[in-house]
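Only heavy atoms go into these numbers, but all of them, side chains included; no hydrogens, no water, no symmetry mates.
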Amino acid sequence: MFTIITFVNNYSIASNFKSLTNKSLAAVVTHMDWVSDEWRELSLPELLSYTASAGIIFGGVLPYVPQYKQIKDNDSCGGFSTYVCLALLLANILRILFWFGRHFETPLLVQSIVMIIAMILLIELCIRTNNKDLLIPNKNRFFIESSDGNVCNFQPKKFFDFDVRYFWQWTDFISYIEFLATFTIITGVLIYIMLDVSIFVEAIGFLSVFIEALLGAPQLIKNYQNKSTLGMSKLMVFMWTFGDVFKTSYFIIRQAPVQFWVCGLLQVSIDLFIFGQILYYRKPYKKVSKSYIH
């Protein structure tokens with residue numbers, strides 16, 4: 001008798017579970033059909049708008065993928081200026097803080113978050129690559145092997161040493177994080193205090209896009225100093241130019257704040273100058289040391 005009752009109960013539970021599963025699947029299918037219908041009902045301008053937003057969010061990061069790969073493959077970042085990362089990090093931190101004073105389009109805000117993550121990863125790779133030449137017997141002292149085979153003392157460079165001679169040339173990755181956190185906190189407090197002062201908020205917005213517009217300038221100077229563009233990804237520069245033209249056009253069409261598209265035009269101009277360097281510097285390149293040259 002107990003066996004029969006148990007069988008009946010199990011059968012009832014299984015039937016209920018099967019019924020519930022079927023209903024859930026039907027609901028999922030109905031939802032998928034609804035989503036599919038929603039996408040089918042999108043007009044061409046709406047579809048282009050979604051595509052443009054996705055391009056704005058992720059397109060800015062794509063140029064640094066070939067540069068990241070080139071540094072990793074060549075085990076050297078001698079031809080790449082890490083001040084490019086500094087410019088992008090400061091610009092995007094300021095842009096996020098500017099959003100609290102004057103809301104702009106969400107894709108531009110998300111783009112800044114994605115770019116900050118990408119630049120932190122690129123900086124980490126550059127520091128790790130440079131530190132491969134350093135012998136580290138303890139946390140307070142480095143030793144570096146010179147070109148003649150001798151081992152020399154090498155004092156670590158850290159952010160909290162507050163030595164302006166080594167700004168953005170620190171030997172440990174955590175110093176870069178400490179600087180970015182300090183900059184964000186100080187600037188954030190200032191914006192919080194001055195949030196009702198529109199001219200200050202607008203100045204932060206302008207400073208953000210102006211710094212970003214000049215991000216190619218350190219690379220331009222680096223190429224001039226090296227008299228070569230070897231070590232710099234040409235594909236990165238091409239994608240810079242394409243992305244900056246697209247981004248500037250997006251700013252103008254979407255009627256973004258005037259600071260955005262004016263500085264976008266400046267950014268495109270610098271990209272074209274770097275293209276000129278690629279054409280001009282086509283002679284053999286003297287290899288740059290993996291020491292901390294930025």
Side-chain angles (χ1 to χ4, degrees), residues 56 59-68 71 77-99 108-109 111-127 130 159 164 166-170 173 175-184 186-188 203-226 229 231-233 236-248 251 257 259-275 277 292-294:
I56 283 293
V61 174
L62 292 180
Y64 302 97
V65 174
Q67 183 65 67
Y68 188 97
I71 292 172
C77 57
F80 173 70
S81 174
T82 56
Y83 284 108
V84 171
C85 300
L86 173 63
L88 279 170
L89 285 165
L90 296 184
N92 285 282
I93 289 171
L94 288 173
R95 182 186 290 179
I96 292 172
L97 295 174
F98 174 59
W99 182 86
L108 296 177
L109 179 64
Q111 182 215 31
S112 291
I113 297 171
V114 172
M115 183 62 76
I116 287 171
I117 295 171
M119 289 302 101
I120 288 175
L121 292 175
L122 186 54
I123 279 291
E124 190 278 332
L125 175 65
C126 290
I127 300 307
N130 281 329
F159 168 63
V164 295
Y166 301 120
F167 175 76
W168 206 248
Q169 298 182 37
W170 306 301
F173 173 65
S175 288
Y176 293 83
I177 302 300
E178 290 168 347
F179 165 74
L180 294 173
T182 303
F183 176 80
T184 303
I186 292 175
T187 311
I204 291 294
F206 175 77
L207 186 61
S208 165
V209 290
F210 183 69
I211 292 174
E212 184 174 3
L214 294 176
L215 75 90
Q219 190 63 57
L220 191 74
I221 296 169
K222 182 93 172 181
N223 295 339
Y224 175 76
Q225 291 173 339
N226 291 342
T229 58
M232 177 197 72
S233 171
M236 177 188 73
V237 179
F238 173 78
M239 296 174 74
W240 263 359
T241 307
F242 178 82
D244 292 339
V245 170
F246 173 81
K247 179 176 65 177
T248 305
F251 290 159
Q259 304 101 310
F260 283 54
W261 60 265
V262 168
C263 291
L265 293 173
L266 174 60
Q267 198 166 353
V268 172
S269 301
I270 294 176
D271 294 340
L272 295 176
F273 274 112
I274 296 177
F275 258 120
Q277 287 182 320
Y292 283 81
I293 299 177
H294 295 252

Without swapping roles, check the side chain of Ser208 against the backbone of Ile204 for a donor-acceptor pair under 3.5 Å.
-> no
Minimum side-chain heavy-atom gap Ile93-Thr187 below 4.5 Å | no
Which residues satisfy the ring pair (Phe, Tyr, Trp, His ring centres under 6.0 Å) test with Phe206, sequence neighbours excluded?
-> Phe210
Would you check if Leu88 and Tyr64 make a side-chain contact, meaning some heavy-atom pair closer than 4.5 Å?
-> yes
Taking the six-membered ring for Trp, are the ring centroids of Phe167 and Trp170 within less than 6.0 Å of each other?
-> yes
side-chain contact (heavy atoms from CB on, under 4.5 Å) partners for Ile274, two or more places apart = Gln219, Leu220, Asn223, Met232, Val237, Trp240, Ile270, Gln277
Table please: side-chain donor-acceptor pairs of residues 113-124 below 3.5 Å, with sequence neighbours left out.
unit_1, atom_1, unit_2, atom_2, d
Glu124, OE1, Arg128, NH2, 2.9
Glu124, OE2, Arg128, NE, 2.9

Any side-chain heavy atom of Cys126 sitting closer than 4.5 Å to one from Ile71?
-> yes
Distance, nearest 0.5 Å, that separates CG of Leu215 from CD of Gln267 = 5.0 Å
By salt bridge (charged side-chain N to carboxylate O under 4.0 Å, His left out), Asp271 pairs with (sequence neighbours left out) none
Between Tyr83 and Trp168 the two heavy atoms that sit nearest each other are CE2-CB, 3.7 Å
With sequence neighbours left out, what residues match Leu207 under side-chain contact (heavy atoms from CB on, under 4.5 Å)?
-> Leu94, Ile211
Interatomic spacing from CG in Asp244 to CG in Leu272 - rounded to 0.5 Å = 9.5 Å
Heavy atoms only: give me the nearest Ile96-Ser112 pair and the separation to one decimal.
-> CG1-CB, 3.7 Å
Output all residues satisfying side-chain contact (heavy atoms from CB on, under 4.5 Å) with Ser233, sequence neighbours left out; order by chain, then residue number.
-> Pro66, Gln67, Gln70, Leu235, Met236
Test side-chain hydrogen bond (donor to acceptor under 3.5 Å, both in side chains) applied to Ser175 - qualifying residues, sequence neighbours left out = Asp172
What is the distance from atom CD of Glu178 to atom CZ of Phe173, rounded to the nearest 0.5 Å?
-> 11.0 Å
State which residues pass side-chain contact (heavy atoms from CB on, under 4.5 Å) with Phe242; sequence neighbours excluded, sorted by chain then number.
-> none
Has Phe179 got more than 12 heavy atoms of other residues, nucleotides or ligands less than 6.0 Å from its CZ?
-> yes
